[in-house]
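Notes for the one structure printed next.
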2 protein chains.
Amino acid sequence: MAHHDLQMSAHDCGDCPIRHRAVCARCETDELARLEQMKYYRSYQAGQTVIWSGDRMDFVASVVSGIATLTQTMEDGKRQMVGLLLPSDFVGKPGRQVAAYDVTATTDLVMCCFRKKPFEEMMSSTPHIAQRLLEMTLDELDAAREWMLLLGRKTAREKIASLLAIIARRDASLKLRTAKGSFAFDLPLTREEMADYLGLTLETVSRQISALKKDGVIELEGKRHIQVPNFDLLLEETGDDSDGGFLI
Amino acid sequence: MAHHDLQMSAHDCGDCPIRHRAVCARCETDELARLEQMKYYRSYQAGQTVIWSGDRMDFVASVVSGIATLTQTMEDGKRQMVGLLLPSDFVGKPGRQVAAYDVTATTDLVMCCFRKKPFEEMMSSTPHIAQRLLEMTLDELDAAREWMLLLGRKTAREKIASLLAIIARRDASLKLRTAKGSFAFDLPLTREEMADYLGLTLETVSRQISALKKDGVIELEGKRHIQVPNFDLLLEETGDDSDGGFLI
DNA sequence: CGTTCCGGTTGATCTGCGTCAAGGCCGGAA
DNA sequence: TTCCGGCCTTGACGCAGATCAACCGGAACG
């Protein structure tokens, strides 16, 4: 049973910040109009649970702003994050009745929700949505598999470096770079959330961040603001094949 | 550059063993006819590489019989399996030019290949294929996320038990059970492949299998044939929520 | 036949990370 | 101002699993 602030703000899809990246990316104006009829916004505060694993899902949604996480919990309480939801990412699976994971807002969060039934009907009648959703799901699958390599085979240091590189890269695609090869960004996650993401403990996360700092790979300003003086240096610490293609 | 036996056998889609589970599951007879025109079969021997990561992919395919694996390799040589392809599973991503993973046949393997270009055209013109592919991709994503939990948080013993449970469950859905709660099956993977799947070393895999045997959870007959006298006992070793069915 | 190879097992030892514990920093409430 | 509670860091120690190494059994092959 999720408690949440309900906030009805009537946005126009045309002005939507995620208009060109979300499930609706391919929709024509008439299709958008149809979507507008089944959509509503919800806001959540940082830390709130959006959905509990096992809950009945009566909607699917896109993240409009903020960050949410998908986590799984074992019976002994160990937790593993299995997904990080950023603006434009999609939540929920057409055809599934109940949520498979806990969804939690790690920052203040706004979601654009669609009632499930009409959304599913629309999916089968217009191909644009299903096509875009397939594309997005394939990307998520790739990300999940990259994460499997990280979880299964990387050392703690490589895991931290990989996470920082991913966040830095994502931020770089939104903001502009200060200077070639130099980045700065804020961590959107606590040490514990990073640990849950990386399959580590928060102590190990803390130690490895300190180690990377001591070795000059990163610089800290406060607990959360990170500067990367040389991005290539950071990449070398990830254990990934050099290059990884061109960036961004 | 993949070397492979090329084997042209003209099967009729109507007789296909994976007809009702593969991408083509939803297709009408006229759509099947169209697919038949772009399809061809390929056979691979156990151990052969089907595709190398980075290779250009000019086809997508369904596994007809046998088992293949998807693996990723780090620059220092550590390997992580990120997918297990069973009959009816799909290989390749529409819209992607190059393969992201190594695909290897672990048993003798037959694949039903479709030339990529016409397949993609068909995907955009008829909804049945895209719909089915979305469904399958969502299932794969769930499997990948379950695997992330395993890789990130389970102990070696829990990992082995989970793998055995998955294989047993899959076999049980095909064969019939000997007696309620008692299974027997053959491992389709070597100890090293299991290690690559589980993020362990082959020595640890071997030791944990021996330990499960000593504790009476499983019985071995040769290296590969496994009997599970009490499936619930095995499930308890996986560390998963006791039922996996309804909620607490 | 013996030889070699491959997959597997087992033992000895090492080590990276988890665990347990103490304490620091900072912002918000009283 | 002091106190408190989150969040984070650091140290000491132990252990699960990696590493290194020896050996086993069966199949392929001369």
Side-chain angles (χ1 to χ4, degrees), chain A residues 45-48 74 76-80 104-107 150-164 186-215 218-226 237 239, chain B residues 45-48 69 74 76-80 104 106-107 150-164 186-215 218-226 237 239:
Chain A
Q45 293 174 347
Q48 264 191 305
M74 288 176 52
D76 63 3
K78 280 181 284 190
R79 288 159 48 86
Q80 175 66 49
T104 312
T106 61
T107 65
L150 178 147
L151 290 171
R153 295 302 185 193
K154 289 191 177 181
T155 65
R157 170 181 266 244
E158 288 169 341
K159 287 178 177 181
I160 297 288
S162 300
L163 178 60
L164 296 180
D186 285 313
L187 286 174
L189 303 174
T190 66
R191 300 289 186 264
E192 185 172 17
E193 286 163 340
M194 293 175 67
D196 283 347
Y197 210 144
L198 300 170
L200 298 171
T201 59
L202 82 246
E203 293 96 328
T204 299
V205 170
S206 183
R207 273 187 254 271
Q208 294 299 335
I209 288 181
S210 299
L212 287 174
K213 174 176 146 195
K214 186 166 68 64
D215 297 347
I218 59 173
E219 287 155 23
L220 284 193
E221 198 171 304
K223 311 294 190 185
R224 298 294 198 91
H225 190 77
I226 294 211
E237 298 287 351
Chain B
Q45 293 173 348
Q48 263 190 306
T69 61
M74 289 177 50
D76 63 3
K78 279 182 286 191
R79 287 157 49 87
Q80 176 65 49
T104 312
T106 61
T107 65
L150 178 146
L151 290 172
R153 294 302 184 193
K154 289 192 177 180
T155 65
R157 170 181 266 244
E158 288 169 341
K159 287 178 177 181
I160 297 288
S162 300
L163 178 60
L164 295 181
D186 284 313
L187 285 174
L189 303 174
T190 65
R191 300 290 186 263
E192 185 171 18
E193 286 164 339
M194 294 174 66
D196 283 347
Y197 210 144
L198 300 170
L200 298 170
T201 59
L202 79 247
E203 292 96 329
T204 299
V205 170
S206 184
R207 273 187 254 271
Q208 295 298 336
I209 288 181
S210 298
L212 286 175
K213 175 176 146 194
K214 186 166 67 65
D215 296 347
I218 58 172
E219 287 156 25
L220 283 193
E221 198 171 304
K223 311 295 189 184
R224 298 292 199 93
H225 190 78
I226 294 210
E237 298 287 350

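Every heavy atom of this structure was used, including side-chain atoms; hydrogens, water molecules and symmetry mates were not.
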- Task: Show your reasoning for whether side chain to side chain contact (heavy atoms under 4.5 Å, CB included) applies to B:Q208 and B:L200.
- Result: CA-CA 11 Å; B:Q208 295 298 336; B:L200 298 170; 5.7 Å; no
- Please examine the side chains of B:T190 and B:R224, heavy atoms only from C-beta on, and report whether any two atoms are closer than 4.5 Å. yes
- Message: Taking any atom closer than 4.0 angstrom to a non-hydrogen atom of chain A, what span of DNA chain D does the protein reach, first nucleotide to last?
- Response: D:dC8 to D:dA12
- Does a side-chain N-to-carboxylate-O contact under 4.0 Å join A:D196 and B:R153? yes
- Separation of B:L220 atom CG from C:dT9 atom C1', in whole Å? 11 Å
- Where do A:D186 and A:I226 land on the side chain to side chain contact (heavy atoms under 4.5 Å, CB included) test, with the steps shown first? CA-CA 6 Å; A:D186 285 313; A:I226 294 211; over 6 Å; no
- Query: Would B:L164 and B:E237 count as a side chain to side chain contact (heavy atoms under 4.5 Å, CB included) if you check the C-alpha gap in whole Å, the side-chain angles of each, and the deciding distance to 0.1 Å?
  - Reply: CA-CA 10 Å; B:L164 295 181; B:E237 298 287 350; over 6 Å; no
- Query: Base, sugar-phosphate alone, or nothing: which one does A:S210 contact when heavy atoms must sit under 4.0 Å apart?
  - Reply: sugar-phosphate
- Task: Treat primed atoms plus P, OP1 and OP2 as sugar-phosphate and everything else as base, then score nucleotides 16-24 of chain C 5' to 3': B for base contact with protein heavy atoms under 4.0 Å, S for sugar-phosphate contact only, - for none.
- Result: -SSBB----
- Could you state the interatomic distance from CG (B:L150) to CD (B:E158), rounded to the nearest 0.5 Å? 8.5 Å
- Task: Would you please test B:K78 and A:T155 for side chain to side chain contact (heavy atoms under 4.5 Å, CB included) and show each step?
- Result: CA-CA 11 Å; B:K78 279 182 286 191; A:T155 65; 4.3 Å; yes
- Provide, to the nearest angstrom, the distance between the CZ atom belonging to A:R224 and the C1' atom belonging to C:dC26. 13 Å
- Note on the structure: Tightest non-hydrogen contact, residues B:A195 and B:T201, listed as CB-C, 3.5 Å
